[in-house]
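Both backbone and side-chain heavy atoms feed into the values below; hydrogens, waters and symmetry mates do not. Chain letters run A, B, ... following the sequence lines, proteins first, then strands; residues in each count from 1. Quantities reported herein were computed from a predicted structural model and do not represent experimental measurements.
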Amino acid sequence: MSESEAPVLEVSDIVKTFGGVRALAGVSLSLKPGTVHCLAGENGCGKSTLIKIISGVERPDSGRIVVAGTEHDRMTPSGAMDAGIQVIYQDFSLFGNLTAAENIVLTGEVAAHRALYSRRRARPAAERIVRELGIKLDLEEDVERLSVADKQLTAICRALVHDARILIMDEPTTALTRTEVQRLFAVVRQLTERGVALLFVSHKLDEVLQVAQTVTILRNGSHVLTAPAAELDGASIGRYMTGHDIDESRQVVRLPADASAVLEVRDLTLPGAYRDVSFTLHRGEILGLTGLLGSGRSEIAESLFGVLPARSGTITVDGQDCTIRSIDDAVAAGIGYVPEDRLTQGLFMDASIADNIIASSLDAYRRRPSRLLDRRRIAETITSLFGRLRIKAPNVSSPVRSLSGGNAQRVVLAKWLATKPKVLILNGPTVGVDVGSKSEILQILRQEAADGRGVLIVSDDVPELVAVCHRVLVIRQGQVVQELEGDGVDLETIQRTMAA
Amino acid sequence: GSVGGSTTSSSSGAAGGGAAGGATKDPKSMTMVTVVKIQGVGWFDRMAEGVAQFKKDTGVDARQDGGDDATPEKQVQIIQNLIPQKPTAITVVPNSPASLEQVLGQARSQGIVVVSHEAAGMKNVDIDIEAFDNAAYGAKMMDNLAQCMGTSGKYVAFVGHLTAKTHMDWVQGALDEAKAKYPNVTRVEDPIESKEDENVAYQKAKEILGKYPDIKGFEGSAGTDVAGIARAVSEAGKAGQVCVMGTSIPSVASKYLTDGSIQKIFFWDPALAGQAQLKIALMLAQGQKVQDGTDLGLEGYHSLKKLTGTDNVYVGDAAVIVDKSNMAKYPF
Amino acid sequence: MSARLMALRGSNNEGVLAAVLVVLIVAMSLVSPSFFTVGTLFAVIRSSIVPVIFALAVLIVIISGGIDVSFAAIAIFAAYTTVKLSGAGGSTASLVVLTLLALGIGAVLGLVNGGLIARFRLPTLIVTLGTQSVFKGALLAYIGSRYIAALPPSMDRAGKHDLVTAHSGGSPVSVSLMVLVPVLLTVFVWWLLRNTMFGRGVYAIGGDTEAARRAGFRVIRSQLLVYVLVGMLAAAGGVVYVILGRNANPQDLVGSELDIIAAVVLGGASIFGGRGSVGGTLLGVLLVQLINNSLLLVGVPTAWQRAAVGLLLVIGVGVQAAAAKRSRKRVFAHEDLEVAR
Amino acid sequence: MTAQKEQGSLRRVNASVDEVARSLVGRFQTNRGVRRMLVLVVVAFALFAALRPGVYLSTLNLQNIAVAAPEIGVLAIAQMLAMLTGGIDLSIVAVANLTAITISTLYTAAGSRGDALGPVFILIGLVVALVGGLVNGLLVSRVGITPILATLATMQIFNGLAVVWTGGRTLYGAPRVLTGVGNATVGGIPVLFIALLLVAAGIGILINRTALGHKIQLQGANPTAAAYSGISSRRTLLGTYVMTGLLGGIAGMLFIARNPTASADYGASYTLLVIVIAVLGGTNPNGGFATVTGVVLAALTLQIVSSGFNAMRWSPYQYAVAQGLILIVVMVSDQVHLRRRRRGTPPALPVGPATPPTPV
Ligand SMILES: Nc1ncnc2c1ncn2[C@@H]1O[C@H](COP(=O)(O)OP(=O)(O)OP(=O)(O)O)[C@@H](O)[C@H]1O
Ligand SMILES: Nc1ncnc2c1ncn2[C@@H]1O[C@H](COP(=O)(O)OP(=O)(O)OP(=O)(O)O)[C@@H](O)[C@H]1O
Ligand SMILES: [Mg+2]
Ligand SMILES: [Mg+2]
């Protein structure tokens, strides 16, 4: 770790634009062998994009990539692997139709430019790495049948199975348990001792501080700071990431004492995901549901929306018992749902903003007796939501594909507000949304609650929950382990309970 | 309705054609198109030779047209496309005669002479010319087949498609003949559909050979039927023991005629049939009449006979029976 | 218990298919005593020779996430052109030369498909629909449209050799030597898909094209290669078809492509790509051929056969769809289930 | 477009209301697929008109094109609808023939009262088509069979039933209501063509102005998002295939209106042709986008090219080559255009089979 050691990877002045908008505006970074370099920044600041550029998946508009003294002006995925770079992608980039063992060894075989593939060679290699990591993984199962955590483990194994010179991990720990994370870090330490350089992305700041020697912080595609980890702490990293001007303070109006229940959940159980979940959501209330990935928080939300119907328990909306076996049932009961995966589940990318906004409420605009759509009323709704949510776009007939993350999320929100739901469930409402948009979206949610809706936010973005929620439920291993209310809603308590 | 309407229009069409044609009309100013079931197959290539011959002989601008597959809708389309080109005559060998009635009615109402072939019973044609009477042709096949089978035993009949009327007529003619004259010759199975595909014929023949080990005869209708059957029969080691006969053309059957797995094939020369259609069209366009005994000056069409029970169908006597000995005479 | 059942079922429902096949054979044997014979067996094998070759080609495309309706046109184009160029009955070319010529033609036509698909990223069904029309039209318009009865002698001879002969119902039945072609190609494709990086790449691309790119697979090159390979397999199928039929007819084959695709999907290949096996494909083809071959034998009237084949297809694919639905439901995990489809 | 934000906002609201209206009413006026087809129609027509003015510019030729286009036009519209959901329907032609056979059989059986009962028979024929569509819809939406396979199977079943029913014969005879329509013209325009325009308008309204139509489009655009938007794929797909069945039935009526015969094997060559037409007309084979106008224009284009090739005495095989080339060239030019527009963003994943709509 001497200062004099030559960097194994140097990228400089990387610029990348997507459809006219800058994802990276001249970012530089250098990695030294035997060190862990951490890349931090808010959602959408360009971390993954930078990684994809280093690994040859995306081509930069300008900038230089130098690996071990050799400049690569047309980096390709196989070129990167040849240069000793391995990546754990944020979305894993696994092959669902192949077994875990195959997934683990296949990239290596490609990198080795082999013509033939041998199961007999593959199997032991996969087994060895699983053993080294001390994890349990069914190597013969197709990856699409694995849980998210096992998928993540597969992706980690795949990257570690090689003797990589540079190992890049884009949020490798989101779905892992504490012990799994600790094992991974042990391996990371072994690797650094062997001289491997690591580039590590995580939103969990404690992890960052635990493993990293150097930290680089990006904001909105620009380089903010590179400093030794020892000189930083969680608070200062957070400050550099967000800037100071954003108000994430808690702004919660007191609920009237007699606020009626709009959603009541009793003993909801889905074996394997969560059990005996009970809570009440009141009119005008914003309720947070948090927990680590894999804790069951998303599944609870999806059960309420009929995507993943619960096995037992009762759901009552506005005093009416509801059987929610399908999305139709949920929508009929007055529940709206902003999904976690905006791009595939929330939006029709090539359709216009207008078409997206009325997608869920089409039936309400049928005229009698012709049953044709009432285009005037539709236009009114669209225009009013377009204005109310301040969607930044030339007009309502622009395709959603042309929108930024924050604006796209507003379109999803508008789609559900158009149905005038009694209960609005949001799963990760501000994922991939930048800070400016984020506070606006939170403000919209406060407004909607004030108008008498029940709002349920499922998120692991704790500051955001603290900023808007009346109450927060913490889920761990499928159960509600704590309920925080009023002044009890506080960042540290939540984080502690989540991870306990 | 169509029936009343088209009758009037067709009679006026015929009248118009006659008037425009005048007895002295110069063939060199005429255009005629022969629309066949499908372009580019051996049979219709041979017919195209006849069309070319006619063009050379008479000076009429005659040509042949057809679809790239043998479907009724393509023929409808082609004739529909031809009507604005106002040819003097359209002669047609339909895939499905009934499907062409309407569009041929339109052609006639535009004063176009329409002659058909292999389509006895069509209304909207001036004349339908058949190489022979289908029932008699079928009977003739049966006479030969029965002889070969020693006038007793089981046989099956293949048709190109169950929808192909001529094939069904031949097969029926043969069956009637067998019932009338050869009580010991029995047909097993309804007509079997080969889809005009040699391999299907082969496959089905294999099945028949398995199901009826004592089968004695096969009758084919589509040109490739007998070839497929012959292949199946010789693979079963029964070449020469089982009689294989049917409609085909020498180029398809010659190999099997030579090795004895097909005994006889029956057909009529498409070149002559093509010329016959066009000759009739020319006669009509020039105001001449076709009647019993008309001589087209073509072998097998020296004395046309009106088919009884119809008013526009004339038959020749143009069936050709070919076996090993005379197949070289027909180079197509 | 359920694990063992799952294993029996096979990763692509091959087990279900095998069971269906057995049930069908038993049922037909009960209905018709003349069914369960060497003759029927040989008939099914014989009639599967060409479809198996085509099915292998289709299998590769389907695994790669595409679909090809032009292979039949490529097959007859390659085979007919070879026969015609070599001078038909008067040719002295050896079978090897002729086969290489046909494979070359097939490869070029496949390259046209692959080029359009990989370079312009066009939907495979539409591209091959277009090229099918072009290939067949060009063959008949510019190469030749005549039925050629006299094959080059080397080809003609190849069609006359039998591999095995047996007696069934008093008459000899046999299987042509040509059956070795699909057997060898089956082994080759099985090996290719299983034991080569190209093969694994085809699965990877069919599973997730972007992930394959990130893993370093040369996606465009692999896709090109897939279609070239399909062109060559199709050409091989065309040559065998011509040899077995002992004639070359340019009107043949085109029109049968949907049946082959149906057989492959019946054999467990996913029309969405990424899944499919050689074993399943063989079973699928055999099932379809068994049905085609024995309906007459079992006494189904000719007129009913088309409907019967359709009905069996619905049942076959329907059972698979239902099984797939159920297994999807069973695999509940801590993750979002895809709700659509 | 506005500099002054304060007053601009009202204008912006107005402008966007305008936009909505325009996008909902006249989506296809500005559409690229439609523009492209218009160009193709004009170019094809001008080309052949220049080469063979005498034949080509006659009213008779125009009428013939107008008479020939409707049946494939309606079938292509049906195909377009199926493709709009990301599916495909291979059984439409078989359904059309079943309808034609039903009507013809009933008419013949009714003897002298056939003409009087004509409308009833037509209704029964449409019910048969509806049942056919329902079967497809159930197989696709309930059983979950991929459309291409489900309809491949039902194509064989429907076709097989037609063969059994007719014994393979061509039936002759149709109610006067239909045959009358087949021959009639209004102001020189064949009524058949007017029927095509009516069907096109109807489907245009369905797609653009009804809830079902919007759902069909959204289902095709992204089935996952559609499900998460509370759009029932079961109901949408069922509705779609019932509609394609019905349109098949209407095509069957056109078959016998044009020519009072019905058979099991009429129109076999249409099955793949109508896919070509639908795609040429701008239908996205992966679903989510299509325009009726484009499809009608595409049907006309192929009709024009076909009659032109015939007038030029070019062979049907050359026409097949031309048809394939037109399809490929149009697809390639579309793709090049799309890429140029999207340059900077990574291109969409290569598209797999036509059926599975790639969720963005
Ligand atoms: N393929 C793409 N096309 C268009 N824009 C993209 C694409 N990929 C990323 N972007 C945009 O580039 C910006 C940077 O995205 P990137 O994925 O690098 O963020 P990130 O820092 O990794 O965020 P997160 O913490 O959520 O993973 C985002 O605004 C994103 O919307
Ligand atoms: N999946 C995607 N496909 C194509 N383009 C995308 C995608 N995601 C994002 N983009 C593009 O990336 C750009 C940057 O997105 P990003 O979310 O960072 O926008 P932003 O500037 O932060 O806007 P906002 O303030 O509204 O969040 C957008 O303009 C959008 O065009
Ligand atoms: Mg990222
Ligand atoms: Mg953003």
[X] and [Y]: which non-hydrogen atoms are nearest, and at how many Å?
X	Y	answer
C:Ala141	D:Ser315	CB-OG, 4.3 Å
D:Gly324	C:Ser133	N-OG, 3.8 Å
C:Gly137	D:Val321	C-CG2, 3.4 Å

Best-contacting candidate, C:Leu129, C:Val127, C:Leu139, against chain D by heavy atom pairs under 4.5 angstrom: C:Leu129
CH2/C:Trp304: more than 12 non-hydrogen atoms of other groups inside 6.0 Å: no
Top contributor to chain C contacts, counting heavy-atom pairs under 4.5 Å, from [options]:
options	answer
D:Ile326, D:Val279, D:Asn284, D:Leu237	D:Val279
D:Ile275, D:Val164, D:Val163	D:Val164
D:Gln156, D:Met155, D:Gln323	D:Gln156

The single option from D:Ile145, D:Leu149, D:Leu152 that satisfies side-chain contact (heavy atoms from CB on, under 4.5 Å) with C:Val265 is D:Leu149
Any side-chain heavy-atom pair from [X] and [Y] closer than 4.5 angstrom?
X	Y	value
C:Val317	D:Thr146	no
C:Leu122	D:Gln335	yes
D:Tyr317	C:Ile143	no

Engaged part of [X] at the chain C interface, taking heavy atoms whose separation is under 4.5 Å:
X	value
D:Ile157	both
D:Leu139	side chain
D:Leu90	side chain

For the atom pair CG (C:Leu311) and OG1 (D:Thr154), what is the distance rounded to the nearest 0.5 Å? 11.0 Å
Given side-chain contact (heavy atoms from CB on, under 4.5 Å), test C:Gln132 with D:Leu272 step by step and report yes or no. CA-CA 11 Å; C:Gln132 179 215 44; D:Leu272 296 181; 4.2 Å; yes
Taking side chain as everything from C-beta outward and backbone as N, CA, C, O, which of these in [X] sits under 4.5 Å from a heavy atom of chain D? Side chain, backbone, both or neither.
X	result
C:Arg213	neither
C:Leu140	both
C:Phe135	neither

